[in-house]
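What you see below is based on every heavy atom in this structure, not just the backbone, and it leaves out hydrogens, waters and symmetry mates. Both ligands and their constituent atoms are indexed starting at 1 by order of listing. What you see is a predicted model; the values in this text were computed from it and never measured. In this chain, residues are counted from 1 in sequence order.
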Amino acid sequence: MDTEQLSEKILTGDRRALARAITLVESGREDHRAKAGELLSMLAKHKRQSLRIGLSGTPGVGKSTFIESFGMLLTSLGLRVAVLAVDPSSARSGGSILGDKTRMERLSREKNAFIRPSPSQSHLGGVARRSREAVALCEAAGFDVVLIETVGVGQSETVVAEMSDLFLLLLAPAGGDELQGVKRGIMEMADLILVNKADGALKPVATRTCADYAGALRLLRKRQQDPEDFPKALMVSAVEEHGLEQAWEEMQALTAWRKENGHWERRRSDQSCYWFDQEVRQALLARLHTAGAQAAMAELSTLVAAGALTPAAAAEQMLQDHLKG
Ligand code: GDP
């Protein structure tokens, strides 16, 4: 199938064509990259947009369960939902946390849902690009909502937040007044904090946890561009399917507000520029990773270590010799 045919099929929402295209963007082969680039440019002309929702949370907090219940809610409302995962752990271990188990069985049988496990191998930068391109493919395929899931480790939240219109942080109920060691930076990214497992014996703990986080969010910051009462903390039960409608209403309200005020488009433009910047940086770094460059780096390091060359002079030489054309 040539690129044009593949593009046509994706635009009709054909899931097999979409899966095929995602495999293409995930490939490291040079001819595949060229084809992927051509395909993405072709599809970008149609300017289709989904609501991109990023979701983060530590393993065991209930991400899969939530996505399944929430995804089922969305499909029951007649929406088409795609689920993608950004899993940097697969970059390190070669095995994927998010892809290993049989997940989201109900949702995977829905004809209006598309679930793609995270790609394996490669570094976070590579994972980021492929995920971003997979999101773009899902948008072209006409999905109303694209859920992008990540495990709460390292920098993956930033990567996901930078490709999402909304960012959700899923937390578990926790006793005591400790805020579960959630990093400030991650809290700052969240538009909604969802305290999951607010059911059964955990409900009172969830209520307290939710109040703690609501308080923390109020102290943390007020985003100029958002309505007064955002970001919010809500309670949900993915298992009992409680609180999901309310969470969806909040997401829609925030989206509508941002769209009306031009913040939605601006965020997308800022994100595109962010990724442009990242691509340039990575391409530059890649040039320093060739065998020749690495050898020169080692040689210059020896000179710097011996005091024969200053770090700045050595860097200058490195850039002159290896970043040209
Ligand atoms: P993930 O690792 O974040 O994807 O978490 P999972 O969705 O695999 O859930 C981890 C465990 O928490 C499983 O045993 C789930 O059944 C349980 N769990 C998930 N959501 C809820 C919930 O809303 N309430 C309760 N009580 N348990 C839940």
Exercise for the section: Between Asn196 and ligand 1, find which residue part has any heavy-atom pair under 4.0 Å and reply side chain, backbone, both or neither. Expected result: side chain
Problem - Polar contact flag for Val236 and ligand 1 (N/O pairs, less than 3.5 Å) - result: no
Problem - Contact check: Leu202 vs ligand 1, nitrogen or oxygen atoms, below 3.5 angstrom - result: no
Practice task
Walk me through it: do Glu228 and Arg218 pass the test salt bridge (charged side-chain N to carboxylate O under 4.0 Å, His left out)?
Solution key: CA-CA 10 Å; Glu228 273 297 312; Arg218 271 195 299 277; over 6 Å; no
Exercise for the section: Say whether Ala198, considering both its backbone and side-chain N or O atoms, lies within less than 3.5 Å of an N or O atom on ligand 1. Expected result: no
Problem - Residue among Ile22, Val160, Leu84, Val86 satisfying side-chain contact (heavy atoms from CB on, under 4.5 Å) with Ser131 - result: Val86
Handout entry: Contact (N/O only, under 3.5 Å) between Thr65 and ligand 1
Key = yes
Practice task
Would you tell me which option among Glu68, Lys197, Met104 has the nearest heavy-atom contact to atom 18 (N) of ligand 1?
Solution key: Lys197
Practice task
Consider ligand 1: state whether an atom of it lies below 4.0 angstrom from any non-hydrogen atom of Pro59.
Solution key: yes
Handout entry: Residue part near ligand 1, for Asp199, under 4.0 Å between non-hydrogen atoms
Key = side chain
Practice task
Would you name the heavy atoms of Ser50 and Asp165 that are closest together and state the gap between them?
Solution key: O-OD2, 3.5 Å
Problem - Heavy-atom neighbours of Met297 CE exceed 12 at 6.0 Å - result: no
Fill in the blank from the handout: A student checking ligand 1 against Thr58 at a 4.0 Å heavy-atom cut-off should list atoms 3 (O)
Exercise for the section: Looking only at distances, please establish whether an N/O atom of ligand 1 is found under 3.5 Å from an N/O atom of Glu149. Expected result: no
Problem - ligand 1 contacted by Gly200 (non-hydrogen, < 4.0 Å) - result: no
Exercise for the section: Answer yes if the side chains of Gln252 and Trp248 hold a donor-acceptor pair under 3.5 Å, and no otherwise. Expected result: yes
Practice task
Examine the side chains of Arg116 and Thr23 and answer whether a donor and an acceptor come within less than 3.5 Å of each other.
Solution key: yes
Practice task
For the residue pair His32 and Ser27, confirm or rule out a side-chain donor-acceptor distance under 3.5 Å.
Solution key: yes
Problem - Worked verdict on Glu133 versus Arg33 for salt bridge (charged side-chain N to carboxylate O under 4.0 Å, His left out) - result: CA-CA 11 Å; Glu133 292 177 345; Arg33 281 257 22 109; 3.1 Å; yes
